[in-house]
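Here the structure is laid out as structure tokens; the discussion comes afterwards.
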Amino acid sequence: MNLAIKYRPKRLDDIVGQRDLLAPNAPLRLLIESNSLPHTLFYGPTGCGKTTLSRIIASTMQKPFYEMNATTLKVEDLRKIFREYTNTLEKPLIFIDEIHRLSKNQQEVLLPFMEDNSALIIGASTQNPYHSMTSAMRSRSHTFELHHIGDDEMRRYLNMVIDSESFDIDRDAKEFLISSSGGDARAMLNLLESGTAIESPLRVETLKAIRSRAIQAGSSEDDSHYELTSAMIKSIRGSDIDAALYYLARLVEGGEPAEFIARRLAILASEDIGNANPNALNLASSTLNIVKHIGYPEARISLAQLLIYLASSPKSNSSYMAINRAQEAIKDGIVYPIPDHIKSHNREYLNPHDYGGWVEQSYSHREFKFYKSIGIGFEKSLNEWISKIKRL
């Protein structure tokens, strides 16, 4: 008995989750039901229903269904399918799982067949096609994002299966099946199947013995990688220590390299804290050096220490904005020659050391105002210093 196969949805209305895509008046559903769906790329986490949806599309549109995987796909197999339907009114639906793994050459082989609609191509990926597919493939396809299945939908689906199979299962065990499956319906049913093969009534202790750690998106897929990192950075910027620690833990548990995390935190130390607390960059530099040498599991402690320090620091993006303004000026063509008196070995140059630390003279042909201090944290002291230096 394979519960995941037995209870795989057969109709659009049976699909678990994805209501935003499959509601009665949603564009994707209308395209499917009007038999007008063009080549399509689905992307989203494992177990969210990409393959199931593609099967249902083939059934709804009454197309022969061919399921392939990019890791084992051979160009000749594709050409064989296309030849079989040459000069026929019937056009197949070719589903390619892990389509982001197609080589550039394989993608180019598909292009002419996509162009003349020899078949309907649907690709599925855990990665955002905007990062993983060629522009030529994207331009010939619609892209739809599928999401993890929410707890309420997972619970409804689980209860339906339990009732249909007459399983005896504790309430805590039900909740563990949902909470530990990370929105992956297939993983939930696989765990349920294993648990019910062992005992009845099924207890949460047994499930935990089978699955000791909850399934999570981790960060191995590009989307999760970028989204988790972004969430961590934004939580630090917003001084929410616990939220930032949560996303750090997700990254660590997902196998994200410690050096990558430390590099992102070092960037934040300059971009979002800057001279409001200059020591933040020093600590970030030290942490980056440390994690290069110690690695996990100890590296997580140093990363957490740095993260808490950064989240607790006063924030300023004055330095970040200053260099942006200066670069924009250059891009806009504001380029002047260097004044003669500050060129190398020019005798008209006034050395500030000869005048008690500062002397009035121009350093550019135009007065710029790129740096705008907001006076937060140590920036306030820097403002006082520069005022005293220039005797303002």
Point to revise | Side-chain donor/acceptor of Asn275 to backbone N/O of Pro278, under 3.5 Å | key: no
Practice item. Output yes when a side-chain donor or acceptor of Gln106 lies under 3.5 Å from a complementary backbone atom of Leu73, and no otherwise. Key: yes
Practice item. Could you go through the salt bridge (charged side-chain N to carboxylate O under 4.0 Å, His left out) check for Glu175 and Arg171 one step at a time? Key: CA-CA 6 Å; Glu175 291 306 310; Arg171 184 177 66 180; over 6 Å; no
Exercise for review: Say whether Met137 and Tyr43 are linked into one hydrophobic cluster, either directly or through other cluster members, by side-chain heavy-atom distances under 4.5 angstrom.
Suggested key: no
Check your understanding: For the side chain of Gln107 and the backbone of Thr134, is there at least one donor-acceptor N/O pair under 3.5 Å apart?
Key -> yes
Practice item. Kindly assign one of parallel, tilted or perpendicular to the pair Phe144 and His142, based on the angle between their ring planes and the thresholds 30° and 60°. Key: perpendicular
Review point. Any chain of hydrophobic side-chain contacts (each under 4.5 Å) joining Leu202 to Met154?
Key: yes
Exercise for review: Might you work through the salt bridge (charged side-chain N to carboxylate O under 4.0 Å, His left out) test for Asp272 and Lys234, ending with a clear yes or no?
Suggested key: CA-CA 10 Å; Asp272 293 296; Lys234 288 173 181 173; over 6 Å; no
Exercise for review: Return yes if some donor-acceptor pair links the side-chain N/O of His39 with the main-chain N/O of Met114 below 3.5 Å, else return no.
Suggested key: yes
Check your understanding: Is there side-chain contact between Asn279 and Asn282, with heavy atoms separated by less than 4.5 Å?
Key -> yes
Check your understanding: Are Leu303 and Tyr246 joined in one hydrophobic group, where the rule is that I, L, V, M, F, W and Y side chains link up if heavy atoms are under 4.5 Å apart?
Key -> yes
Review point. Counting distance only, does the side-chain N/O of Glu348 pair as donor-acceptor with the main-chain N or O of Asp340 below 3.5 Å?
Key: no
Revision key, fill the gap. Smallest heavy-atom separation, Thr86 atom then Phe82 atom, equals OG1-O, 3.0 Å
Review point. How close do Thr143 and Pro129 get, heavy atom to heavy atom, and via which atoms?
Key: CG2-CG, 3.9 Å
Review point. Are any non-hydrogen side-chain atoms of Leu191 and Ser180 less than 4.5 angstrom apart?
Key: yes
Review point. Do Leu228 and Ile233 share a hydrophobic cluster, counting only Ile, Leu, Val, Met, Phe, Trp and Tyr and linking them when any side-chain heavy atoms are less than 4.5 Å apart?
Key: yes
Exercise for review: Measure the spacing between CG of Leu41 and CD1 of Ile99 and express it to the nearest 0.5 Å.
Suggested key: 5.5 Å
Check your understanding: So which of His100, Lys50, Arg101 actually passes side-chain hydrogen bond (donor to acceptor under 3.5 Å, both in side chains) with Ser125?
Key -> His100
Review point. Got Ile342 and Pro339 here, is their nearest side-chain heavy-atom distance under 4.5 Å?
Key: yes
Review point. So, Ser194 side chain and Asn190 main chain: donor-acceptor pair closer than 3.5 Å or not?
Key: yes
Review point. For residues Asn383 and Ser373, is any side-chain donor paired with an opposing acceptor at under 3.5 Å?
Key: yes
Point to revise | Asp168 versus Ser200, closest heavy-atom pair with distance | key: CB-OG, 3.4 Å
Point to revise | Gly183 backbone acceptor or donor facing Ser181 side chain under 3.5 Å | key: no
Exercise for review: Take Thr71 and Glu98 through the test side chain to side chain donor-acceptor pair (under 3.5 Å) and record every step on the way to the result.
Suggested key: CA-CA 7 Å; Thr71 59; Glu98 298 189 80; 4.6 Å; no
Check your understanding: Passes salt bridge (charged side-chain N to carboxylate O under 4.0 Å, His left out), Arg155 versus Asp152? Steps please.
Key -> CA-CA 5 Å; Arg155 187 173 292 106; Asp152 290 343; 3.4 Å; yes
Check your understanding: Where does the angle between the aromatic ring planes of Phe378 and Trp385 fall among parallel (under 30°), tilted (30 to 60°) and perpendicular (over 60°)?
Key -> perpendicular
Check your understanding: Which atoms form the tightest heavy-atom contact between Ser364 and Arg366, and what is the distance?
Key -> OG-O, 2.5 Å
Exercise for review: Output yes when a side-chain donor or acceptor of Arg140 lies under 3.5 Å from a complementary backbone atom of Ala136, and no otherwise.
Suggested key: yes
Review point. Would you say Ser141 and Ile121 make side-chain contact, with heavy atoms under 4.5 Å?
Key: no
Exercise for review: Measure from the side-chain N and O atoms of Ser230 to the backbone N and O of Glu227, and report whether any donor-acceptor pair falls under 3.5 Å.
Suggested key: no
Exercise for review: Indicate the atoms forming the closest heavy-atom contact of Phe65 with Ser54, along with that distance.
Suggested key: CE1-O, 3.7 Å
Exercise for review: Would you check if Ser59 and Lys10 make a side-chain contact, meaning some heavy-atom pair closer than 4.5 Å?
Suggested key: no
Practice item. Would you indicate whether the side-chain heavy atoms of Lys380 and Ile376 approach each other to under 4.5 Å? Key: no
Practice item. Answer with yes or no whether the hydrophobic clustering places Ile210 together with Met188; edges join I, L, V, M, F, W, Y residues whose side-chain heavy atoms lie under 4.5 Å apart. Key: yes
Point to revise | Stepwise salt bridge (charged side-chain N to carboxylate O under 4.0 Å, His left out) test for Lys6 and Glu165 | key: CA-CA 11 Å; Lys6 182 177 180 179; Glu165 296 292 330; 2.6 Å; yes
Point to revise | Nearest heavy atoms of Ala311 and Ile236, plus distance in Å | key: N-CG2, 3.6 Å
Point to revise | Contact check, side chains of Arg55 and Arg8, non-hydrogen atoms, under 4.5 Å | key: yes
Review point. Considering only heavy atoms from C-beta outward, does the side chain of Leu111 approach that of Phe113 to under 4.5 Å?
Key: no
Check your understanding: Are the side chain of Lys315 and the backbone of Ser313 linked by a donor-acceptor contact shorter than 3.5 Å?
Key -> yes
Point to revise | From CG (Leu245) to CD1 (Ile308), nearest 0.5 Å | key: 5.0 Å
